[in-house]
Amino acid sequence: MQSIILAHEVDFAGWREAARRLALDGVPPEQAHFSVGEPDDLFAQGESEPAALQAGGSFSVSRALIELAQTVIQAREPERFDLLYGLVWRAHRGERRITELVTDPGVQRAIRLAQSVRRDTHKMRAFLRFREVCEEDGTRYVAWFEPDHYIVEANADFFVRRFATMVFSILTPYRSVHWTGAELRFAPGADPAQVPDDDALERYWRAYFAAIFNPARLKISAMTSEMPKKYWRNLPEAAAIPELIRTAASRTETMLETKPMPPDDQTPPRRRVAAPKPVADPIQPGSLAALAEAAAGCRRCALWEPATQVVFGEGPEHARMMMVGEQPGDQEDLAGRPFVGPAGQLLDRAIVEAGIDRREVYVTNAVKHFKFEPRGKRRIHAKPDLTEIAACSGWLVEERRAVRPALLVMLGATAARAVLGRTVTISRERSRPMALPDQFGSNAQGLVTVHPSYLLRLPDEDAKRREYAAFVADLKQARALLEDAVPA
Ligand code: URA
């Protein structure tokens, strides 16, 4: 039996290297066992990897499997490393598309763990509340959270992006994270007593919550399923809930009984002054990293507010091909990365079949925040309108300036509208290479095709097969166009 000791609970690099070495050495899953070393070692040793994990040889598994593993590794399940190694072993032995075997017990188990991690991530992002603490050298915001899984490390960047200008600490039972405004540090878990229990911020939250609480629309079951009671004690506004529930019925009656005041009794209506239109600062050109950072605070339209985070484009700084989609979906919004959900998986498959390497493509969206309608627990995709596409267009322009791709592939009508600035009928204009206006001294070409989610929505299998083949043919054409284009 080979025993592998990982440096910490989310030591993905250590696990990946060990899994690679074991698979190359032909060690079957039943002869390998992963566990995690003493937590103290982590902070004593820094991030160094165990020496035994050096391996040579060639080895690759699908991107989908790597992404699944990155999520599953955060699950509070001691067997997860072994489970994942089992999948890697099978992928290495020829089951290349193992993540698509959704009825396979091992794959199913991994998918369930990944879903649970994603739910926990969503709760952390939605229910974490900071309290203000005055320190000698300024104010620190401190939050206590009890995640179900080991999700703190993977989410630290999200909070840094969202609260970049605050000095904050997030304390959890297994790990703490401290942001100084410039540097991120991880430390061992903490005690909830380290979090102050009342302050101005808390009072503000309570007042805010009480003000938005409409007693006539009280749905206790919906409230407790969306915001499970477990999280209430860390939410300042939750202290107001029992009292608000208790008085809801009488407050509703009062609301119904209160007759509208006759016009004479009313205080004169205030003269409405048109609110000045917010003037958005022009977006400064910059590197992709600088643009992504600036976009994290984008308020150019209202979509930022209900969304979890901005989903900026990703890919090489000087990719020759750029693919533009519509907007992030539910999964992209939670992951903070474009095209990782069902449409993204379909796109990945088609990209591979077309002989393109996604790692060489810059992938982005016309609109960078998820637009949705809440329906029960679900968030249903809503199409961005013209003002939202226009508000976001500056980011796409700057992405194009930074990357200067030789070819832009527009996936669907919203992407085509954002790039071409006009309404495009996909059936008329798809598959026809076009010269794009020379914006940045580069002669980029454009190619319009369908959006992968269109393929997912097709009702019958024949149409699905036919349309998928046409989509792959478009991507093959994109590849050929690039091969013919003169490198910049
Ligand atoms: N659809 C898109 O257009 N973009 C994504 O990132 C995901 C789904």
Side-chain angles (χ1 to χ4, degrees), residues 63-64 67-68 70-71 114 118 121-122 158 161 288 291-292 295-296 298 301 303-304 306-316 319 321-352 356 358-359 361-373 378-386 388-393 395-396 399-400 403 405 408-420 423-424 426 430 446-458 464 467-468 471-472 474-475 478:
R63 183 187 162 96
E67 282 174 359
L68 182 66
Q70 279 171 327
T71 308
R118 277 197 287 271
T121 297
H122 176 64
F158 167 83
R161 283 198 303 274
L288 288 174
L291 289 170
C298 183
C301 73
L303 294 185
W304 69 273
T308 307
Q309 57 190 311
V310 78
V311 178
F312 208 69
E314 69 175 22
M321 185 186 297
M322 181 182 280
M323 284 189 185
V324 185
E326 181 195 70
Q327 61 158 353
D330 183 72
Q331 294 195 27
E332 287 79 12
D333 168 81
L334 293 175
R337 299 182 48 216
F339 282 107
V340 293
Q345 282 157 25
L346 187 71
L347 176 64
D348 280 349
R349 207 175 108 206
I351 281 180
V352 170
I356 299 170
R358 176 161 167 171
R359 288 168 305 184
V361 179
Y362 184 83
V363 179
T364 192
N365 282 300
V367 172
K368 309 280 194 270
H369 280 111
F370 177 34
K371 180 174 178 183
F372 61 92
E373 311 268 350
R378 297 176 58 213
R379 304 187 299 169
I380 308 296
H381 165 277
K383 225 176 168 39
D385 64 30
L386 292 185
E388 290 148 353
I389 297 170
C392 221
S393 63
W395 297 115
L396 185 58
E399 284 174 297
R400 287 178 59 190
V403 178
L408 261 107
V409 179
M410 293 158 259
L411 304 169
T414 301
R417 155 119 233 151
V419 172
L420 303 174
T423 304
V424 171
I426 301 292
R430 76 177 290 180
L447 188 71
V448 173
T449 184
V450 295
H451 190 284
S453 61
Y454 156 74
L455 305 175
L456 290 173
R457 285 195 304 268
L458 288 170
K464 266 200 167 97
E467 287 299 313
Y468 177 75
F471 182 51
V472 172
D474 281 347
L475 296 182

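Order of appearance sets the numbers: ligands from 1, and atoms from 1 within every ligand. Atoms considered below: every heavy atom in the structure, side chains included; atoms not considered: hydrogens, waters and symmetry mates.
- Nearest protein neighbour of atom 6 (O) of ligand 1, counting heavy atoms only, is Phe339 N, 2.8 Å.
- Looking at Arg417, Lys371, Lys383 one by one, the single match for salt bridge (Lys or Arg N to Asp or Glu O under 4.0 Å) with Glu388 turns out to be Lys371.
- Residue Pro338 approaches ligand 1 through these ligand atoms, each under 4.0 Å from one of its heavy atoms: 6 (O).
- Here Arg118 does not pair with Glu67 in a salt bridge; the nearest charged N to carboxylate O distance is not below 4.0 Å.
- Residue Glu326 touches ligand 1 through backbone and side chain together, judged by heavy-atom distances below 4.0 Å.
- When hydrogens are left out, the protein atom nearest atom 4 (N) of ligand 1 is Asn365 OD1, 2.7 Å; that is the closest non-hydrogen contact.
- Remark: ligand 1 atoms within the under-4.0 Å shell around heavy atoms of Gln327 are 1 (N), 2 (C), 3 (O), 4 (N), 5 (C), 7 (C), 8 (C).
- Two residues are said to be in side-chain contact when any heavy atoms from C-beta on lie closer than 4.5 Å; Met323 and Arg358 fail this criterion.
- A donor-acceptor pair shorter than 3.5 Å can be found between the side chains of His381 and Gln327.
- His451 has its ring centre less than 6.0 Å from the ring centre of Phe339.
- Distance CZ/Phe471 to CD1/Ile351: 7.5 Å, rounded to 0.5 Å.
- Close approach of ligand 1 to His451 is summarised as follows: ligand atoms under 4.0 Å from at least one heavy atom of the residue are 1 (N), 2 (C), 3 (O).
- Atoms of ligand 1 lying under 4.0 Å from at least one heavy atom of Gly325, given by number and element, are 3 (O).
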